[in-house]
Each structure stands twice: as C-alpha cells, then as structure tokens.
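Only one structure is covered here, and it is reproduced in the block below.
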Amino acid sequence: MLLLAAFAFWPQYLSKLNQADGYTHTHAVLGTCWLLILIGQPLLIRARKIALHRTFGRLALVVAAAFFVTGVLVAHRGVVRMSVEQLEREGYFLYLPLSMALIFGAAALLGVLWRRVPAIHGRFMASTAVPLLDPLVARILYFYFPPLPAELLYQVPAFTLAAAALVVMAVTIRKSARGRAAFWTFTLCTTVVLLIYFATPYSEAWLNFVKWFRALPIT
C-alpha cells in the first residue's frame, strides 16, 4: 500500500505539494506513519519484543486518533471550498472520506478494546488498512487506466477487496475463539457501510447533512 500510495497520490497531491493545505499535509504524514506502524508492530511480535510492541502501541493510539480527526477535517475543508452549485453536484462524494474515517476509527478502537486477545486484536489492527484501500485503488484506476462508464464503478474494486479481506480474516478465526462474534459484527457493519455508498449519498437527506456539515466552524 505504501508503494501504491506514491502512484495514487502523485497526480493530485505529490506533484503539487505547494498547492495543498496544512490539513492535507498532516493527514498524509499521519497516514504514512500508520502504515509504517502496521508493518512494524507485527514484526515486533514475531521477534517477541512484547514490551516494545506495547510501547509503540501507545504511540499508535495517538497517531490513530490524529489520523481520524485530520480525515474529518480534510473532508470538511473540501466541502467548504465548494461553491453552492458544486456542492449540489458533488456533495455526495463526502460520504467516502467520512465513512472511511468511521471504519478506521471503529477498527482502531476495537483493536484497543480487544488488545488482550491477540488473534482478534491483530485482525482489528489489520482492518484499519481496509478504508485506505479505496483512496489508493480508485485513484489508480482513475489516473492510469481507461475511463470507466460510470463514476460509481471506481469504488467497486476497492470495496470488493475490502469486504473480501474482512471475510477472510473472519472465517479464519477459530470457532471457539473469544471475540469471534465481535469481529464478524464489525465485518458485516463495514460491508453495509460500503454498500450504502451506492444509494444514500444521492438522497436529499444526505445533501442536507452535507450542508449541515459544511456549516460547522471546524476548519
């Protein structure tokens, strides 16, 4: 995912760093740090450096919380910059960053709550990478492949990969394992949130929410 990020974010971000605002830069740095944490923490467990794993885990909590908050702020900054006409036309896009932030935050929080059950804790931590799939896959499809017939289709590959990854992690949990039901519940709820994208964001109720969110004085 780190390698894919270079390609995915080159056209609109990495090649135009001087045009991005502080919210975006902070979010990008935190996202990179989180991916590095996801790589490093399992390696520490494999090396049986449990104490160091726990120490970095405390730092990871701060990074996760900050990444969640900046994700919401970047989304807000984006809709604030839209004109009224653009908001009416493209406001449904807000569902993606907010839903991905929600999935990330839920996975990270559940990972902390289940930290004493390694098999479940590890799966929840791995699940924090699931909402990062869409920004990568959708951008790569959009910038480097022939155009798809409908904008909705850009989310299908990433959502399919995300749901598949969660299901694989869920079915490989031992039936007698504590926390199995919690992870299955998370998997099903996440899948529903992803599927809702294809309906709810195009409703009048969602547009009203977008306007309310845009009016919040947070950026």
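Positions are given from 1 along the sequence. This is a predicted model, so every value here is computed, not measured.
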Would you find more than 12 non-hydrogen atoms of other residues, nucleotides or ligands less than 6.0 Å from [X] atom [atom1]?
{"X": "Gln86", "atom1": "CD", "result": "yes"}
{"X": "Leu3", "atom1": "CG", "result": "no"}
{"X": "Arg81", "atom1": "CZ", "result": "yes"}
{"X": "Arg89", "atom1": "CZ", "result": "yes"}
{"X": "Tyr13", "atom1": "OH", "result": "yes"}

Using 0.5 Å steps for rounding, measure from the [atom1] atom of [X] to the [atom2] atom of [Y].
{"X": "Leu4", "Y": "Ile140", "atom1": "CG", "atom2": "CD1", "value": "4.5 Å"}
{"X": "Phe198", "Y": "Leu153", "atom1": "CZ", "atom2": "CG", "value": "8.0 Å"}
{"X": "Leu216", "Y": "His76", "atom1": "CG", "atom2": "NE2", "value": "5.0 Å"}
{"X": "Thr219", "Y": "Leu73", "atom1": "OG1", "atom2": "CG", "value": "7.0 Å"}
{"X": "Leu43", "Y": "Leu38", "atom1": "CG", "atom2": "CG", "value": "11.0 Å"}
{"X": "Glu90", "Y": "Glu151", "atom1": "CD", "atom2": "CD", "value": "7.5 Å"}

Using atom types as modelled and distance alone, determine if a side-chain donor or acceptor of [X] lies under 3.5 Å from a backbone N or O of [Y].
{"X": "Arg139", "Y": "Phe9", "answer": "no"}
{"X": "Ser203", "Y": "Ala199", "answer": "no"}
{"X": "His53", "Y": "Ile45", "answer": "no"}
{"X": "Tyr144", "Y": "Phe7", "answer": "yes"}

When you check the side-chain N and O atoms of Arg123 and Thr172, is any donor under 3.5 Å from an acceptor?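 Note: Arg123 and Thr172 side chains meet the donor-acceptor criterion.
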
query: Between Phe159, Tyr142, Phe93, Tyr197, which is the residue that forms a ring pair (Phe, Tyr, Trp, His ring centres under 6.0 Å) with Tyr154?
result: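 With Tyr154 as partner, Phe159, Tyr142, Phe93, Tyr197 yield a single ring pair (Phe, Tyr, Trp, His ring centres under 6.0 Å), made by Tyr142.
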
Contact summary for [X] and [Y], nearest pair of heavy atoms:
{"X": "Ser127", "Y": "Leu166", "value": "OG-CD2, 3.4 Å"}
{"X": "Arg174", "Y": "Arg180", "value": "O-CD, 3.3 Å"}
{"X": "Met125", "Y": "Ala108", "value": "CE-O, 3.5 Å"}
{"X": "Gln155", "Y": "Ala138", "value": "NE2-CB, 3.6 Å"}
{"X": "Ser99", "Y": "Leu96", "value": "OG-O, 3.1 Å"}
{"X": "Ala101", "Y": "Val72", "value": "CB-CG2, 4.4 Å"}

Answer whether the closest heavy-atom distance between the side chains of [X] and [Y] falls below 4.5 Å.
{"X": "Leu2", "Y": "Leu36", "answer": "yes"}
{"X": "Ile120", "Y": "Arg178", "answer": "no"}
{"X": "Trp34", "Y": "Leu30", "answer": "no"}
{"X": "Val167", "Y": "Val171", "answer": "yes"}

- Task: Kindly indicate, with the supporting measurements, whether the criterion side chain to side chain contact (heavy atoms under 4.5 Å, CB included) is fulfilled by Val156 and Leu148.
- Result: CA-CA 11 Å; Val156 173; Leu148 297 178; over 6 Å; no

Please find out if less than 6.0 Å separates the ring center of [X] from that of [Y].
{"X": "Trp206", "Y": "Tyr95", "answer": "yes"}
{"X": "Trp212", "Y": "Phe209", "answer": "yes"}
{"X": "Phe104", "Y": "Phe68", "answer": "no"}

Problem set entry | Phe67 and His27 aromatic ring geometry - parallel, tilted or perpendicular at 30°/60° bounds |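 Rings of His27 and Phe67: parallel, under 30°.
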
Answer with yes or no whether the hydrophobic clustering places Ile50 together with Trp114; edges join I, L, V, M, F, W, Y residues whose side-chain heavy atoms lie under 4.5 Å apart.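 No: no chain of side-chain contacts under 4.5 Å links Ile50 to Trp114.
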
Residue of the set Val74, Asp21, Thr70 for which side chain to side chain contact (heavy atoms under 4.5 Å, CB included) holds with Thr26 =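 Testing each of Val74, Asp21, Thr70 against Thr26, the sole residue satisfying side chain to side chain contact (heavy atoms under 4.5 Å, CB included) is Thr70.
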
Show the numbers, then the answer: is there a side chain to side chain contact (heavy atoms under 4.5 Å, CB included) between Leu17 and His25?
CA-CA 8 Å; Leu17 286 175; His25 288 318; 4.0 Å; yes

